Amino acid sequence: MSFFKDKVIWITGASSGIGEALALELAKQGGRLILSARREDELKRVAALTKLPDLDIMLLPFDLKDTSKATALAASILNKFGRIDILVNNGGMSQRAEAEKTTIDIDRELMEINYFAYVNLTKAVLPYMKRQKSGHVIVISSIAGKFGFYLRSGYSAAKHALHGFFDSFRLETEKDGIKTLIVCPGKIKTNISLNAVTDKGAHGKMDPSHENAMSAEECARIILKGIQNNDEEILVGGKELLAVKIKRFFPKWFGRIIRKQSPF
Ligand SMILES: NC(=O)c1ccc[n+]([C@@H]2O[C@H](COP(=O)([O-])OP(=O)(O)OC[C@H]3O[C@@H](n4cnc5c(N)ncnc54)[C@H](OP(=O)(O)O)[C@@H]3O)[C@@H](O)[C@H]2O)c1
(Lines give C-alpha, C1' and ligand atoms only; values in the text may rest on other atoms or scores of the structure.)
Protein backbone atom coordinates (compact mmCIF):
# COMPACT_ATOMS: atom_id res chain seq x y z
CA MET A 1 0.00 0.00 0.00
CA SER A 2 1.25 3.48 -0.82
CA PHE A 3 2.73 5.53 2.02
CA PHE A 4 0.39 8.38 0.98
CA LYS A 5 -2.87 6.33 0.87
CA ASP A 6 -5.65 8.28 2.67
CA LYS A 7 -3.23 10.97 3.88
CA VAL A 8 -4.73 14.47 3.91
CA ILE A 9 -2.31 16.74 2.05
CA TRP A 10 -2.53 20.54 1.58
CA ILE A 11 -0.49 21.78 -1.39
CA THR A 12 0.03 25.48 -2.13
CA GLY A 13 1.05 26.55 -5.62
CA ALA A 14 -0.98 23.60 -6.92
CA SER A 15 -2.15 25.35 -10.10
CA SER A 16 1.13 24.86 -11.99
CA GLY A 17 4.63 23.38 -12.10
CA ILE A 18 5.94 21.42 -9.13
CA GLY A 19 2.72 21.81 -7.09
CA GLU A 20 0.57 20.48 -9.94
CA ALA A 21 2.94 17.54 -10.50
CA LEU A 22 2.85 16.73 -6.76
CA ALA A 23 -0.95 16.83 -6.78
CA LEU A 24 -1.21 14.45 -9.75
CA GLU A 25 1.32 11.97 -8.33
CA LEU A 26 -0.21 12.07 -4.83
CA ALA A 27 -3.69 11.50 -6.27
CA LYS A 28 -2.34 8.38 -8.06
CA GLN A 29 -0.95 7.19 -4.75
CA GLY A 30 -4.28 7.54 -2.90
CA GLY A 31 -3.79 10.92 -1.19
CA ARG A 32 -6.74 13.16 -0.25
CA LEU A 33 -5.90 16.65 -1.47
CA ILE A 34 -6.46 20.31 -0.70
CA LEU A 35 -5.24 22.46 -3.59
CA SER A 36 -4.38 26.15 -3.18
CA ALA A 37 -3.19 28.96 -5.49
CA ARG A 38 -4.79 32.20 -6.74
CA ARG A 39 -6.25 30.98 -10.04
CA GLU A 40 -9.35 28.97 -9.26
CA ASP A 41 -9.89 27.95 -12.91
CA GLU A 42 -6.41 26.39 -12.98
CA LEU A 43 -7.07 24.61 -9.67
CA LYS A 44 -10.25 23.19 -11.21
CA ARG A 45 -8.24 21.99 -14.21
CA VAL A 46 -5.73 20.22 -11.94
CA ALA A 47 -8.54 18.78 -9.79
CA ALA A 48 -10.18 17.30 -12.92
CA LEU A 49 -6.86 15.71 -13.92
CA THR A 50 -6.54 14.03 -10.50
CA LYS A 51 -9.90 12.23 -11.10
CA LEU A 52 -10.44 12.26 -7.33
CA PRO A 53 -14.08 12.13 -6.13
CA ASP A 54 -15.43 15.27 -4.38
CA LEU A 55 -15.05 13.52 -1.05
CA ASP A 56 -11.27 13.43 -1.49
CA ILE A 57 -10.51 16.86 -2.91
CA MET A 58 -11.00 20.46 -1.85
CA LEU A 59 -10.04 23.70 -3.61
CA LEU A 60 -8.93 26.55 -1.38
CA PRO A 61 -7.95 29.49 -3.60
CA PHE A 62 -6.21 32.41 -1.91
CA ASP A 63 -3.32 34.83 -2.36
CA LEU A 64 -0.14 34.04 -0.43
CA LYS A 65 0.37 37.80 -0.10
CA ASP A 66 -2.41 37.74 2.49
CA THR A 67 -2.46 34.77 4.84
CA SER A 68 -4.35 36.61 7.60
CA LYS A 69 -7.12 34.00 7.19
CA ALA A 70 -4.71 31.06 7.53
CA THR A 71 -6.37 29.83 10.75
CA ALA A 72 -9.81 29.83 9.10
CA LEU A 73 -8.41 28.04 6.02
CA ALA A 74 -6.87 25.31 8.19
CA ALA A 75 -10.14 25.01 10.16
CA SER A 76 -12.10 24.51 6.93
CA ILE A 77 -9.77 21.62 6.02
CA LEU A 78 -10.32 20.04 9.42
CA ASN A 79 -14.03 20.50 8.98
CA LYS A 80 -14.04 18.47 5.76
CA PHE A 81 -11.30 15.89 6.38
CA GLY A 82 -11.02 15.74 10.18
CA ARG A 83 -7.21 15.89 10.08
CA ILE A 84 -4.23 17.21 8.17
CA ASP A 85 -1.21 15.00 7.64
CA ILE A 86 1.04 16.94 5.27
CA LEU A 87 1.38 20.62 4.42
CA VAL A 88 3.38 21.31 1.25
CA ASN A 89 4.46 24.95 1.30
CA ASN A 90 5.28 25.26 -2.39
CA GLY A 91 3.64 28.36 -3.92
CA GLY A 92 6.18 31.02 -4.79
CA MET A 93 7.35 33.84 -7.00
CA SER A 94 10.89 34.43 -8.27
CA GLN A 95 12.69 37.62 -9.30
CA ARG A 96 14.71 38.85 -12.29
CA ALA A 97 15.80 42.36 -11.27
CA GLU A 98 18.78 44.07 -9.69
CA ALA A 99 18.48 45.01 -6.01
CA GLU A 100 18.98 48.65 -6.95
CA LYS A 101 15.97 48.60 -9.29
CA THR A 102 13.72 46.59 -6.97
CA THR A 103 11.48 48.76 -4.81
CA ILE A 104 11.21 47.99 -1.12
CA ASP A 105 7.54 47.15 -1.72
CA ILE A 106 8.59 44.37 -4.11
CA ASP A 107 11.21 43.17 -1.59
CA ARG A 108 8.44 42.94 1.02
CA GLU A 109 6.14 41.15 -1.44
CA LEU A 110 8.82 38.56 -2.22
CA MET A 111 9.27 38.03 1.53
CA GLU A 112 5.52 37.80 2.13
CA ILE A 113 4.89 35.20 -0.60
CA ASN A 114 8.06 33.14 -0.25
CA TYR A 115 8.63 33.32 3.50
CA PHE A 116 5.89 34.76 5.77
CA ALA A 117 3.11 32.83 4.03
CA TYR A 118 5.01 29.56 4.68
CA VAL A 119 5.44 30.49 8.34
CA ASN A 120 1.82 31.52 8.78
CA LEU A 121 0.28 28.46 7.10
CA THR A 122 2.56 26.19 9.14
CA LYS A 123 1.48 27.90 12.37
CA ALA A 124 -2.15 27.44 11.32
CA VAL A 125 -1.83 23.65 10.93
CA LEU A 126 0.49 23.16 13.91
CA PRO A 127 -2.21 22.85 16.64
CA TYR A 128 -3.93 20.08 14.65
CA MET A 129 -0.67 18.24 13.94
CA LYS A 130 0.25 18.47 17.64
CA ARG A 131 -3.13 17.10 18.64
CA GLN A 132 -2.69 14.21 16.19
CA LYS A 133 0.90 13.74 17.44
CA SER A 134 1.91 13.51 13.79
CA GLY A 135 2.37 15.71 10.77
CA HIS A 136 4.83 16.52 8.02
CA VAL A 137 5.71 20.04 6.91
CA ILE A 138 7.33 20.32 3.48
CA VAL A 139 9.09 23.55 2.58
CA ILE A 140 10.04 24.21 -1.03
CA SER A 141 13.14 26.37 -0.82
CA SER A 142 15.68 26.58 -3.68
CA ILE A 143 19.39 26.48 -4.33
CA ALA A 144 18.86 30.26 -4.11
CA GLY A 145 18.31 29.50 -0.40
CA LYS A 146 21.92 28.25 -0.30
CA PHE A 147 23.67 31.08 -2.16
CA GLY A 148 22.80 34.48 -3.59
CA PHE A 149 22.72 35.01 -7.35
CA TYR A 150 22.42 37.87 -9.85
CA LEU A 151 18.93 39.45 -10.05
CA ARG A 152 17.59 37.35 -7.16
CA SER A 153 18.34 39.46 -4.04
CA GLY A 154 14.83 39.54 -2.53
CA TYR A 155 13.94 35.99 -3.65
CA SER A 156 17.20 34.55 -2.38
CA ALA A 157 16.82 36.39 0.94
CA ALA A 158 13.34 34.90 1.44
CA LYS A 159 14.56 31.40 0.57
CA HIS A 160 17.52 31.75 2.98
CA ALA A 161 15.10 32.85 5.71
CA LEU A 162 13.12 29.61 5.28
CA HIS A 163 16.17 27.59 6.33
CA GLY A 164 16.67 29.54 9.56
CA PHE A 165 13.00 29.28 10.51
CA PHE A 166 12.31 25.68 9.52
CA ASP A 167 15.62 24.21 10.79
CA SER A 168 14.64 25.65 14.21
CA PHE A 169 11.00 24.60 13.81
CA ARG A 170 12.07 21.01 13.05
CA LEU A 171 14.08 20.80 16.28
CA GLU A 172 11.26 22.26 18.37
CA THR A 173 8.41 20.14 17.01
CA GLU A 174 9.95 16.69 16.58
CA LYS A 175 8.98 15.98 20.22
CA ASP A 176 5.35 16.36 19.03
CA GLY A 177 5.80 13.83 16.21
CA ILE A 178 6.12 16.51 13.53
CA LYS A 179 8.65 16.13 10.71
CA THR A 180 10.04 18.89 8.52
CA LEU A 181 11.58 18.46 5.08
CA ILE A 182 13.27 21.35 3.26
CA VAL A 183 13.54 20.82 -0.51
CA CYS A 184 16.06 22.82 -2.55
CA PRO A 185 15.29 22.52 -6.25
CA GLY A 186 17.94 23.63 -8.71
CA LYS A 187 16.55 24.14 -12.22
CA ILE A 188 13.15 22.58 -12.88
CA LYS A 189 11.20 23.11 -16.10
CA THR A 190 8.18 25.15 -14.92
CA ASN A 191 6.75 28.65 -15.42
CA ILE A 192 8.77 30.08 -12.51
CA SER A 193 10.93 32.34 -14.70
CA LEU A 194 7.91 33.50 -16.77
CA ASN A 195 6.13 34.64 -13.61
CA ALA A 196 9.21 36.12 -11.93
CA VAL A 197 8.91 39.77 -10.91
CA THR A 198 11.09 42.42 -12.59
CA ASP A 199 11.24 46.19 -12.13
CA LYS A 200 8.65 46.40 -14.95
CA GLY A 201 6.14 43.65 -14.05
CA ALA A 202 6.35 39.94 -14.87
CA HIS A 203 9.51 38.67 -16.64
CA GLY A 204 7.37 36.81 -19.22
CA LYS A 205 10.24 34.70 -20.59
CA MET A 206 11.41 31.16 -19.97
CA ASP A 207 15.08 31.19 -18.89
CA PRO A 208 17.02 29.28 -21.60
CA SER A 209 18.66 27.23 -18.81
CA HIS A 210 15.22 25.99 -17.70
CA GLU A 211 14.23 24.74 -21.18
CA ASN A 212 16.11 21.45 -20.84
CA ALA A 213 15.95 21.18 -17.08
CA MET A 214 14.48 18.35 -14.99
CA SER A 215 10.71 17.94 -15.42
CA ALA A 216 8.29 18.91 -12.66
CA GLU A 217 7.06 15.30 -12.65
CA GLU A 218 10.52 13.91 -11.88
CA CYS A 219 11.04 16.60 -9.26
CA ALA A 220 7.73 15.63 -7.61
CA ARG A 221 8.68 11.95 -7.49
CA ILE A 222 11.99 12.79 -5.80
CA ILE A 223 10.21 15.02 -3.25
CA LEU A 224 7.79 12.20 -2.40
CA LYS A 225 10.74 9.83 -1.87
CA GLY A 226 12.29 12.44 0.45
CA ILE A 227 9.07 12.54 2.49
CA GLN A 228 8.93 8.75 2.76
CA ASN A 229 12.62 8.53 3.74
CA ASN A 230 12.05 11.14 6.45
CA ASP A 231 14.86 13.25 4.97
CA GLU A 232 15.50 16.64 6.59
CA GLU A 233 16.80 18.38 3.47
CA ILE A 234 17.15 17.34 -0.16
CA LEU A 235 18.57 18.94 -3.31
CA VAL A 236 16.66 18.21 -6.55
CA GLY A 237 17.83 19.02 -10.07
CA GLY A 238 20.79 18.53 -12.40
CA LYS A 239 24.44 19.53 -12.48
CA GLU A 240 23.65 23.00 -11.07
CA LEU A 241 23.35 21.32 -7.65
CA LEU A 242 27.15 20.90 -7.62
CA ALA A 243 27.38 24.64 -6.90
CA VAL A 244 25.95 24.03 -3.41
CA LYS A 245 28.77 21.62 -2.57
CA ILE A 246 31.42 23.84 -4.18
CA LYS A 247 30.24 26.87 -2.17
CA ARG A 248 30.44 24.84 1.04
CA PHE A 249 33.83 23.24 0.56
CA PHE A 250 35.64 25.59 -1.87
CA PRO A 251 34.17 29.09 -1.33
CA LYS A 252 36.87 30.95 -3.32
CA TRP A 253 36.44 28.67 -6.33
CA PHE A 254 32.68 29.16 -6.01
CA GLY A 255 33.19 32.94 -6.18
CA ARG A 256 34.99 32.57 -9.51
CA ILE A 257 32.44 30.16 -11.02
CA ILE A 258 29.40 32.21 -10.05
CA ARG A 259 30.83 35.42 -11.58
CA LYS A 260 31.12 33.62 -14.93
CA GLN A 261 27.31 33.72 -15.01
CA SER A 262 27.09 37.50 -14.80
CA PRO A 263 24.24 38.94 -16.89
CA PHE A 264 26.11 42.30 -17.16
N1 LIG B 1 11.27 25.83 -11.18
C2 LIG B 1 12.44 25.99 -10.61
O3 LIG B 1 13.50 25.96 -11.29
C4 LIG B 1 12.53 26.22 -9.14
C5 LIG B 1 13.80 26.25 -8.56
C6 LIG B 1 13.91 26.45 -7.20
C7 LIG B 1 12.78 26.61 -6.43
N8 LIG B 1 11.55 26.59 -7.00
C9 LIG B 1 10.38 26.78 -6.14
O10 LIG B 1 9.38 25.83 -6.43
C11 LIG B 1 8.12 26.36 -6.03
C12 LIG B 1 7.10 26.10 -7.11
O13 LIG B 1 7.42 26.86 -8.27
P14 LIG B 1 7.32 26.28 -9.75
O15 LIG B 1 8.69 26.12 -10.25
O16 LIG B 1 6.40 25.14 -9.81
O17 LIG B 1 6.73 27.58 -10.51
P18 LIG B 1 5.32 27.92 -11.16
O19 LIG B 1 4.98 26.92 -12.20
O20 LIG B 1 5.40 29.35 -11.54
O21 LIG B 1 4.30 27.73 -9.95
C22 LIG B 1 4.19 28.66 -8.92
C23 LIG B 1 2.91 28.39 -8.15
O24 LIG B 1 2.81 29.35 -7.08
C25 LIG B 1 1.54 29.97 -7.13
N26 LIG B 1 1.66 31.36 -6.68
C27 LIG B 1 2.51 32.32 -7.13
N28 LIG B 1 2.26 33.49 -6.52
C29 LIG B 1 1.23 33.26 -5.66
C30 LIG B 1 0.50 34.08 -4.78
N31 LIG B 1 0.77 35.39 -4.63
N32 LIG B 1 -0.51 33.53 -4.06
C33 LIG B 1 -0.82 32.22 -4.22
N34 LIG B 1 -0.16 31.38 -5.03
C35 LIG B 1 0.84 31.91 -5.76
C36 LIG B 1 1.11 29.92 -8.61
O37 LIG B 1 -0.31 29.90 -8.70
P38 LIG B 1 -1.25 31.12 -9.12
O39 LIG B 1 -0.52 31.93 -10.16
O40 LIG B 1 -2.49 30.45 -9.62
O41 LIG B 1 -1.49 31.87 -7.84
C42 LIG B 1 1.66 28.54 -9.00
O43 LIG B 1 0.74 27.53 -8.67
C44 LIG B 1 8.35 27.84 -5.71
O45 LIG B 1 8.42 28.00 -4.30
C46 LIG B 1 9.71 28.12 -6.33
O47 LIG B 1 10.38 29.17 -5.68
C48 LIG B 1 11.41 26.39 -8.34
Side-chain angles (χ1 to χ4, degrees), residues 10-25 33-47 59-70 73 87-96 106 108-118 120-121 138-147 149 152 154-163 166 181-197 202-220 222-223 233-241 243-244:
W10 186 8
I11 306 170
T12 70
S15 63
S16 155
I18 298 170
E20 173 175 350
L22 280 169
L24 298 184
E25 187 57 39
L33 305 181
I34 304 96
L35 307 183
S36 290
R38 287 166 302 182
R39 290 170 298 161
E40 195 170 356
D41 49 336
E42 287 300 307
L43 290 178
K44 283 185 182 151
R45 177 186 62 77
V46 176
L59 305 187
L60 267 191
F62 69 95
D63 193 329
L64 290 166
K65 269 186 269 182
D66 177 14
T67 48
S68 58
K69 297 198 177 67
L73 293 173
L87 167 64
V88 186
N89 281 303
N90 165 75
M93 181 178 75
S94 191
Q95 177 186 23
R96 297 291 182 274
I106 297 287
R108 286 189 201 281
E109 197 172 302
L110 284 161
M111 211 68 193
E112 198 61 54
I113 295 170
N114 297 304
Y115 172 69
F116 283 114
Y118 285 37
N120 212 8
L121 295 184
I138 317 306
V139 177
I140 309 297
S141 173
S142 167
I143 54 170
K146 294 287 187 181
F147 55 82
F149 192 60
R152 308 280 198 284
Y155 176 72
S156 177
K159 294 295 192 184
H160 273 74
L162 290 174
H163 289 256
F166 283 99
L181 165 66
I182 302 183
V183 179
C184 301
K187 290 179 175 146
I188 311 296
K189 192 173 176 189
T190 69
N191 289 337
I192 192 83
S193 57
L194 286 162
N195 297 327
V197 68
H203 186 52
K205 283 183 272 195
M206 172 81 83
D207 285 348
S209 60
H210 278 73
E211 290 277 12
N212 300 313
M214 176 184 277
S215 71
E217 291 71 24
E218 190 174 354
C219 175
I222 295 171
I223 294 171
E233 184 173 298
I234 54 172
L235 299 170
V236 188
K239 62 180 183 339
E240 69 280 3
L241 301 179
V244 177

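Order of appearance sets the numbers: ligands from 1, and atoms from 1 within every ligand. Note that the structure is predicted; figures quoted are calculated from it, not measured.
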Does any N or O in the side chain of [X] come within less than 3.5 Å of the main-chain N or O of [Y], such that one atom is a donor and the other an acceptor?
X	Y	value
Tyr118	Asn90	yes
Ser193	Lys205	yes
Glu40	Pro61	no
Asn114	Ala158	no
Thr12	Gly91	yes

Give the minimum heavy-atom separation between [X] and [Y], together with the two atoms involved.
X	Y	value
Ala161	Met111	CB-CE, 3.8 Å
Val183	Pro185	O-CD, 3.3 Å
Ser94	Leu110	O-CD2, 3.9 Å
Leu73	Leu60	O-CD1, 3.9 Å

Starting from [atom], locate the nearest protein heavy atom and write down its residue, its atom name and how far away it is, to 0.1 Å.
atom	answer
atom 31 (N) of ligand 1	Asp63 OD1, 2.8 Å
atom 27 (C) of ligand 1	Gly92 O, 3.4 Å
atom 28 (N) of ligand 1	Arg38 NH2, 3.3 Å
atom 21 (O) of ligand 1	Ser16 OG, 3.6 Å
atom 13 (O) of ligand 1	Ile192 CD1, 3.7 Å
atom 25 (C) of ligand 1	Gly13 CA, 3.8 Å
atom 3 (O) of ligand 1	Ile188 N, 2.9 Å
atom 36 (C) of ligand 1	Ser15 OG, 3.8 Å

Decide whether an N or O pair under 3.5 Å exists between [X] and ligand 1.
X	result
Met93	no
His210	yes
Asn114	no

Please work out, at 4.0 Å between heavy atoms, whether the side chain, the backbone, both, or neither of [X] comes within that distance of ligand 1.
X	answer
Tyr155	side chain
Lys189	neither
Asn195	side chain
Ile18	both
Lys187	backbone

Quick one: which ligand 1 atoms are inside 4.0 Å of a heavy atom on [X]?
X	value
Tyr118	45 (O)
Ile140	9 (C), 10 (O), 11 (C), 45 (O)
Gly17	16 (O), 19 (O)
Ile113	31 (N)
Leu64	30 (C), 31 (N), 32 (N), 33 (C), 34 (N), 35 (C)

Practice task
Ignoring hydrogens and angles, state whether a donor on the side chain of Asp207 or Ser209 is under 3.5 Å from an acceptor on the partner side chain.
Solution key: no

[X]: heavy atom below 4.0 Å from ligand 1, yes or no?
X	value
Glu42	no
Ser141	yes
Glu20	no
Ser193	no

The one among [options] that brings a heavy atom closest to [atom]:
atom	options	value
atom 6 (C) of ligand 1	Ser142, Ala158, Ser209, Cys219	Ser142
atom 44 (C) of ligand 1	Ile143, Leu162, Asn90, Val88	Asn90
atom 4 (C) of ligand 1	Gly186, Ala216, Ala213, Ala220	Gly186
atom 17 (O) of ligand 1	Val183, Thr190, Val46, Ile11	Thr190

Exercise for the section: Hey, could you give me the NZ/CG distance between Lys69 and Asp63, rounded to the nearest 0.5 Å? Expected result: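 CG of Asp63 is found 11.0 Å from NZ of Lys69.
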
Handout entry: Straight-line distance of Glu233 CD to Leu181 CG, nearest 0.5 Å
Key = 8.5 Å

Exercise for the section: Sequence neighbours left out, what passes side-chain contact (heavy atoms from CB on, under 4.5 Å) with Leu24? Give chain and number order. Expected result: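 Result, side-chain contact (heavy atoms from CB on, under 4.5 Å) vs Leu24: Glu20, Val46, Leu49, Thr50.
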
Exercise for the section: Please report the C-alpha distance between Ile140 and Ile223 in whole Å, then the side-chain angles of each, then the deciding distance to 0.1 Å, and finally whether the side-chain contact (heavy atoms from CB on, under 4.5 Å) criterion is met. Expected result: CA-CA 9 Å; Ile140 309 297; Ile223 294 171; 4.0 Å; yes

Practice task
Please check if atom CG in Asp41 has more than 12 non-hydrogen atoms from other residues, nucleotides or ligands closer than 6.0 Å.
Solution key: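 Counting other residues, nucleotides and ligands, CG of Asp41 exceeds 12 neighbours.
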
Practice task
Give the intermediate values and the outcome of side-chain contact (heavy atoms from CB on, under 4.5 Å) for residues Arg96 and Arg152.
Solution key: CA-CA 6 Å; Arg96 297 291 182 274; Arg152 308 280 198 284; 3.2 Å; yes

Exercise for the section: List for me each residue that meets ring-ring contact (aromatic ring centres under 6.0 Å, His included) alongside Phe166, sequence neighbours excluded, and say none if there are none. Expected result: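 Phe166: ring-ring contact (aromatic ring centres under 6.0 Å, His included) contacts with Phe169.
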
